[in-house]
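Here is the structure we will look at, set down as structure tokens.
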Amino acid sequence: MNIITPAAALAKAGGGPVKPSREEAEAAIRTLLLWAGEDPAREGLLDTPARVVRSYEEFFRGYSEDPVALLARTFEEIDGYDEMVVLRDIRIESHCEHHMVPIIGRAHVAYLPGTRVVGISKLARVVDAYAHRFQIQEKLTAQIANTINDVLQPRGVAVVIEAGHQCMSTRGVHKPGSSMVTSRMLGAFRDNSDTRKEFLAMIAGRSCTAVDV
Ligand SMILES: [Zn+2]
């Protein structure tokens, strides 16, 4: 049976992707339960579709956050501070866009201020805003670095992410404990090997080897 939902019908009419209703999203979860071999009418599963949809609102809240706006408020009274600002060990909770399973890890973010700095928690919120979307780690790393670079216009930005991918640990090749490391270096971090080394020394040994997936 081919069910055309109202949202799918609208999308087919050429309007691009349309957000389905909550009821449509819950129906999709019941379909997956059936596909897995379950009976969605079983007592223990009755509220599961509603719970999953609420979980999705948490996991993917990044789509309703604007990372550029998060960095809008900056401070210029920095008394000539021109050294590196580094925020280490920012927990990453994301989802792989190929398998829709968790990516769990840590990010380290650094920048060399130009004339402005930003509240340090804002760096973590930018990481979260991009992580709470469907991602691949390479794109996540680049988006964080590029946004900080574009909005703050610092002399350089560095982002390193180390993460475990459940699509590698619980399915497919089944390699728990493996982690993927990505980095993006811009400005002074790319051009000046001393700056890059200073940053890498600051985060050395901190990355979790057994990423808690
Ligand atoms: Zn995957």
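Just so you know, ligand 1 is whichever comes first in the structure, and atom 1 is the first atom listed for that ligand.
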| query | Does the separation of the ring centres of His108 and Phe199 fall below 6.0 angstrom? | reply | no

| said: Do Arg133 and Glu97 have side chains that approach each other closer than 4.5 Å (heavy atoms only, starting at C-beta)? | reply: no

Got a list of side-chain donor-acceptor pairs under 3.5 Å for residues 144-151, not counting sequence neighbours?
| residue | atom | partner | partner atom | Å |
| --- | --- | --- | --- | --- |
| Asn146 | OD1 | Arg184 | NE | 2.8 |
| Asn146 | OD1 | Arg184 | NH2 | 3.2 |
| Asn146 | ND2 | Ala142 | O | 3.3 |
| Thr147 | OG1 | Tyr130 | OH | 2.7 |
| Thr147 | OG1 | Gln143 | O | 2.8 |

| request: Would you confirm whether the ring centroid of His132 sits within less than 6.0 angstrom of the ring centroid of Phe59? | output: no

| field | With Glu138 via salt bridge (Lys or Arg N to Asp or Glu O under 4.0 Å) - residues at least two apart | value | none

| said: Tell me how many protein N, O or S atoms are within a distance shorter than 2.8 Å of the Zn ion (ligand 1). | reply: 3

| request: Sequence neighbours left out, what passes side-chain contact (heavy atoms from CB on, under 4.5 Å) with Glu26? Give chain and number order. | output: Arg22, Arg30, Pro49, Ala50, Val53

